[in-house]
Amino acid sequence: MTPEELAVVVRGALTDLAERGDMSVAVPDEVHIERPRNRDHGDYATNVALTLAKQAGIPPRELATALAEALAACEGIDSAEIAGPGFVNIRLDDAAQGELARGIVTAGSAYGTGNALAGRTVNVEFISANPTGPLHLGHTRWAAVGDAIARVLAAAGATVAKEFYINDRGVQMDKFGASVMAAAHGQPVPEDGYHGGYILDLAAEIIAAEPAILQLPEEEQLIAFREAAYGLQLRQQQSVLRIFHTEFDVWYSERTLHDSGAVVKGLDKLRGQGHVFELDGATWLRTTDFGDDKDRVLIKADGEYTYFASDTAYYVDKRDRGFDLCVYLLGADHHGYVNRLRAVAACAGDDMDDNVEVLIGQLVKIVRGGEEVKLSKRAGNIVTLEDLVDEVGVDAARYSLIRYPADSPLTLDLEVITQRTSDNPVFYVQYAHARVCSVLRNAEDLGIDWRNSDFDPAQLSHPREGELLGALGQFPRIVASAAELREPHRVARYLEDTATAYHRFYDACRVLPRGDEQLEPEHIARLWLCAATRQVIYNGLTMLGVSAPERM
RNA sequence: GCGCCCGUAGCUCAACGGAUAGAGCACUUGACUACGGAUCAAGAGGUUACAAGUUCGAAUCUUGUCGGGCGCACCA
């Protein structure tokens with residue numbers, strides 16, 4: 001029995017109480033079932049009596065007592081007891097709990113998915129770096145977490161597109177081009193240019209491919225260098241993200257936004273909504289109508305579009321492409337954009353609480369042996385996504401970034417996550433998966449066909465088996481809450497708990513018959529439990545973009 | 001000055017208003033003729049920055065104070 005099924009049972013019991021008329025309780029739509037931290041409190045607990053008592057005018061413990069009596073009589077429930085101020089602690093009978101293993105194995109990769117967000121079409125935009133250098137650690141956090149958010153949203157039933165906005169327009173691109181050109185001529189890079197060592201590499205690569213570029217007139221040459229370097233750098237970003245297992249559905253160029261007329265179209269839409277005005281020769285959007293602290297310029301007095309104009313047009317364009325929720329994942333230094341972007345949605349006639357969502361990721365601080373490693377894209381002394389992957393591997397890098405909520409600052413010690421030991425939780429979880437796979441392989445080698453043997457769920461009566469089943473039953477609600485809250489770290493933490501439950505089970509319960517033992521129903525039941533565990537860990541790791549190795 | 005985020009074990013961090021605030025690392029002590037010990041068991045470690053409030057109940061919500069990070073362009 002899953003917690004969701006139990007909630008239905010509890011709700012039914014409450015309905016019975018209400019209909020019998022002893023107690024005038026209004027039966028809530030949702031009954032909160034939780035898994036008590038303390039195992040002495042049973043398999044599950046509900047606080048529903050506490051929440052209903054006041055409004056029903058009944059002391060909580062009295063209501064809880066009546067509910068407990070009703071529940072104890074329900075099928076699949078072994079006992080129900082009141083505790084504390086009015087909790088009802090519920091213990092399932094072994095068969096009802098064990099049946100879960102069959103359900104998970106049958107559901108396969110669908111176990112854990114849901115339909116809470118069915119019908120929502122979501123655009124998740126993240127990273128969106130300038131194509132003027134390698135991706136650094138701030139980008140890397142979102143590369144991992146943003147991708148995981150998208151996967152979790154999809155698991156909750158949403159239709160999701162991952163999008164990368166290429167900031168390939170504006171003065172930063174020109175500075176980038178000028179920097180590469182200077183390097184190509186062996187001259188010092190301009191003061192306000194890009195100084196990383198990669199600039200020299202780009203220059204060398206461009207000259208090698210097209211030596212004649214150095215003979216072009218200066219202005220032409222500048223453009224040629226800029227475009228060549230842009231192409232190379234973008235491909236480098238795309239390649240490293242592919243290695244990182246973060247695949248985008250759409251790479252959207254800011255230039256094409258302008259070239260396609262989308263910017264003009266977006267402006268027209270905003271004008272039609274009546275929030276655009278002229279002042280001092282510039283064209284403004286009155287974002288203060290919707291909570292921004294100042295109005296924003298769309299077209300400067302010199303006739304140039306601002307970056308903000310691109311932003312607004314891009315939002316309108318996303319909505320025109322059919323997305324009903326636009327999620328932006330931004331770095332901490334962009335938190336000033338939150339109100340602005342929400343106001344853009346409102347100015348376009350949308351609901352800024354429903355159509356747009358801006359998440360802010362706090363900074364990642366990197367230390368190496370306790371000493372901070374400074375990051376600076378312009379200075380060149382940077383830790384890049386590629387560096388991190390080279391040092392710790394894709395799985396450890398992704399997992400280390402995903403297992404913490406993105407909205408709190410994070411310190412990673414390279415010396416710690418470089419170690420391929422149990423210091424790093426990803427190995428702990430992957431090891432559990434490999435261990436289950438090993439047991440199932442051994443079963444196969446022994447010729448045990450557990451899938452086609454009778455499965456008696458009541459065999460799973462050991463406390464450690466109950467713990468493991470309880471953990472496995474949590475998975476769907478963990479995924480649902482991770483999606484709802486945009487917090488994939490919940491899945492990672494959950495997997496760690498589940499891995500612990502498996503290791504503890506494994507430690508206490510022999511799965512396979514020893515050499516001279518007969519195959520018993522208990523062995524079969526435990527193999528089903530193993531198979532269910534493998535499925536849950538596999539589904540969870542996959543949701544995080546982390547591999548689930550069968551051997552390590 | 002205004003605004004956003006954050007203060008939880010020695011360190012890095014969990015805990016969607018619930019019961020005795022939990023993990024990992026580090027520290028102490030046990031369990032290997034191993035279904036994979038990359039594991040398990042036990043111990044020690046806390047005034048959840050501080051103070052008031054809200055309620056059956058607060059690390060969580062409200063207000064204030066202190067401390068830290070970041071942001072406040074006709075830049076991109």
Side-chain angles (χ1 to χ4, degrees), chain A residues 32 34 36-38 40-41 45 47 50-51 53-54 59-61 83-87 89 130 132 167 169-175 254 279-284 293-294 296-302 304 306-308 310 331-339 360-363 365 367 370 400 403-405 407-413 416-417 419-425 427-428 430-432 434-443 445-446 477 480-482 484-485 487 489-490 492-493 496-497 499-500 502-515 523 526 530 551-552:
Chain A
H32 187 69
E34 61 187 20
R37 222 170 295 182
N38 186 336
D40 295 338
H41 293 151
N47 63 350
L50 284 165
T51 60
K54 190 170 202 176
R61 283 183 64 95
F87 293 99
N89 294 335
N130 294 338
T132 56
N167 293 143
R169 194 171 170 280
V171 302
Q172 290 303 324
M173 290 301 291
D174 292 333
K175 288 179 181 173
E254 185 185 355
L279 180 70
D280 297 337
T283 302
W284 299 68
D293 50 6
K294 60 187 67 166
R296 305 292 169 177
V297 173
L298 291 164
I299 306 174
K300 296 189 274 185
D302 65 7
E304 283 289 310
T306 61
Y307 187 79
F308 179 67
S310 302
D333 54 344
H334 285 67
H335 72 243
Y337 283 51
V338 176
N339 285 335
I360 298 297
Q362 294 296 319
L363 301 179
K365 187 163 110 181
V367 297
S400 299
R403 78 184 285 265
Y404 305 103
D407 63 1
S408 64
L410 172 61
T411 303
L412 288 182
D413 191 327
V416 170
I417 64 171
Q419 294 167 10
R420 295 173 182 275
T421 70
S422 57
D423 291 4
N424 192 327
F427 292 106
Y428 182 80
Q430 289 183 319
Y431 175 63
R435 206 178 205 189
V436 187
C437 289
S438 171
V439 171
L440 293 169
R441 270 198 306 272
N442 291 345
D445 290 347
L446 291 172
R477 62 166 51 186
S481 71
E484 182 193 335
L485 301 168
E487 290 183 345
H489 78 272
R490 288 167 189 279
R493 299 289 172 157
E496 291 166 28
D497 291 344
T500 296
Y502 182 75
H503 289 312
R504 281 166 57 81
F505 153 76
Y506 181 89
D507 191 60
C509 302
R510 175 81 197 188
V511 178
L512 297 173
R514 294 173 205 269
H523 300 129
R526 286 177 173 169
C530 284
R551 302 172 197 268
M552 294 176 73

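Reminder, nothing fancy here: chain letters follow the sequence lines and each chain counts from 1.
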Would you classify Gly84(A) as touching base, sugar-phosphate or nothing, given that sugar-phosphate means primed atoms plus P, OP1 and OP2, and contacts are heavy atoms under 4.0 Å?
-> nothing
Contacts of Phe308(A) that satisfy ring-ring contact (aromatic ring centres under 6.0 Å, His included) - sequence neighbours left out | none
When we call it a touch if two heavy atoms are under 4.0 Å apart, what does Met173(A) touch: a base, just sugar-phosphate, or nothing?
-> nothing
Tyr404(A) near the nucleic acid: base, sugar-phosphate alone, or nothing, with a heavy-atom cut-off under 4.0 Å?
-> sugar-phosphate
When the distance from CD of Glu496(A) to P of U12(B) is rounded to whole Å, what number comes out?
-> 18 Å
With sequence neighbours left out, the residues meeting side chain to side chain contact (heavy atoms under 4.5 Å, CB included) with Pro59(A) are Glu62(A)
Any residue meeting salt bridge (charged side-chain N to carboxylate O under 4.0 Å, His left out) with Arg477(A), in chain and number order, not counting sequence neighbours | Glu4(A)
Would you mind classifying the nucleic acid contact of Ala53(A) as base, sugar-phosphate or nothing, using non-hydrogen atoms under 4.0 angstrom?
-> nothing
So what does Arg551(A) touch, heavy atoms closer than 4.0 Å: a base, only the sugar-phosphate, or nothing?
-> base
For nucleotides 42-45 of chain B, tabulate all protein N/O to nucleotide N/O atom pairs closer than 3.5 Å, reporting atom names and distance.
none

Heavy atoms under 4.0 Å, any strand shown: does Ser438(A) hit a base, just sugar-phosphate, or nothing?
-> base
If you look at every strand shown and take non-hydrogen atoms under 4.0 Å, does Val511(A) touch a base, only sugar-phosphate, or nothing?
-> base
Want to settle it: does Ile360(A) or Arg493(A) sit nearer the 5' end of RNA chain B, counting the closest nucleotide to each?
-> Ile360(A)
Please list, chain by chain and in numerical order, all residues satisfying ring-ring contact (aromatic ring centres under 6.0 Å, His included) with His335(A), sequence neighbours excluded.
-> none
Could a donor-acceptor pair under 3.5 angstrom be found where the side chain of Asn89(A) meets the base of A19(B)?
-> yes
Name all residues meeting the side chain to side chain contact (heavy atoms under 4.5 Å, CB included) criterion together with Tyr431(A); count only those two or more places apart in sequence or in a different chain, and write none if there are none.
-> Arg435(A), His503(A), Met552(A)
Which part of the nucleic acid, if any, lies within contact of Asn442(A), taking any heavy atom under 4.0 Å across all strands shown: a base, the sugar-phosphate backbone alone, or nothing?
-> sugar-phosphate
What is the nucleic acid contact for Ala508(A), judged by heavy atoms within less than 4.0 Å: base, sugar-phosphate only, or nothing?
-> nothing
Enumerate, in order of first residue number, the stems that involve RNA chain B, defined as 3 or more consecutive Watson-Crick or G-U wobble pairs with both distances under 3.5 Å.
-> B:1-7 with B:66-72, B:10-13 with B:22-25, B:27-31 with B:39-43, B:49-53 with B:61-65
With Glu496(A), which residues qualify under side chain to side chain contact (heavy atoms under 4.5 Å, CB included), at least two apart?
-> Tyr399(A), Arg403(A), Pro425(A), Val429(A), Arg493(A)
At under 4.0 Å between heavy atoms, what does Leu440(A) touch on the DNA or RNA strands: base, sugar-phosphate, or nothing?
-> nothing
What protein N or O atoms touch nucleotides 70-73 of chain B N or O atoms at under 3.5 angstrom, if any, and at what distances?
residue	atom	partner	partner atom	Å
C70(B)	O2'	Ala332(A)	O	3.3
C70(B)	O2	His335(A)	NE2	3.4
C72(B)	O3'	Lys294(A)	NZ	3.2
C72(B)	O2'	Lys294(A)	NZ	3.1

Rounded distance (nearest 0.5 Å) linking atom CG of Leu298(A) with atom CD of Glu304(A) = 13.5 Å
For Tyr337(A), which residues count as a ring-ring contact (aromatic ring centres under 6.0 Å, His included) partner, sequence neighbours excluded?
-> His334(A)
Are any non-hydrogen side-chain atoms of Gln172(A) and Asn167(A) less than 4.5 angstrom apart?
-> no
Could you pull out the protein-nucleic contacts involving nucleotides 56-61 of chain B (nitrogen or oxygen on both sides, under 3.5 Å)?
residue	atom	partner	partner atom	Å
C56(B)	OP1	Lys54(A)	NZ	3.1

For Ile299(A) and for Leu410(A), locate the closest nucleotide of RNA chain B by heavy-atom distance; then report the residue assigned to the nucleotide nearer the 5' terminus.
-> Leu410(A)
Heavy atoms under 4.0 Å, any strand shown: does Asp302(A) hit a base, just sugar-phosphate, or nothing?
-> nothing
Backbone N/O of Gly84(A) and side chain of Arg61(A): donor-acceptor pair under 3.5 Å = yes
Counterpart residues, ring-ring contact (aromatic ring centres under 6.0 Å, His included), relative to Tyr502(A) (two or more places apart) = Phe505(A)
Give a yes/no verdict on base stacking between A38(B) and Phe427(A): centres under 5.5 Å, planes within less than 30° of parallel.
-> no
